[in-house]
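Given the structure is predicted, the values throughout are model-derived calculations rather than measurements.
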Amino acid sequence: MVASALYTAFAESREVADNDLANAIEQTVPLYDTYEERIKELRDWARHRARAASVDGRIAELFSTR
């Protein structure tokens, strides 16, 4: 977001403004939206082939609900 705002301001030969940051936020597409299928495949793969990083089941549930 900050890098995008900096590029916009630089292209217009001015300092970064709050509006640049707000516009960058609005234009940002979350990786989950872009790579939803790939992320789901990776979670499924990890569910059966990887060891949990935490013994707290609540944390593991965060990944199984999506």
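- In this structure, the side chain to side chain contact (heavy atoms under 4.5 Å, CB included) partners of Asn19, at least two apart in sequence or on a different chain, are Asn23.
- Partners of Tyr35 under the side chain to side chain contact (heavy atoms under 4.5 Å, CB included) rule, at least two apart in sequence or in another chain, are Leu31, Arg38, Ile39.
- Contacts classified as salt bridge (charged side-chain N to carboxylate O under 4.0 Å, His left out) and involving residues 17-26 (residues at least two apart or in different chains) are given here: Arg14-Asp20.
- Partners of Glu41 by side chain to side chain donor-acceptor pair (under 3.5 Å), not counting sequence neighbours: none found.
- Considering CZ of Phe10 and CD of Glu15, their distance stands at 11.5 Å, rounded to 0.5 Å.
- Other residues sharing a hydrophobic cluster with Val16 under the 4.5 Å side-chain heavy-atom criterion for ILVMFWY residues are Met1, Val2, Leu6, Leu21, Ile25.
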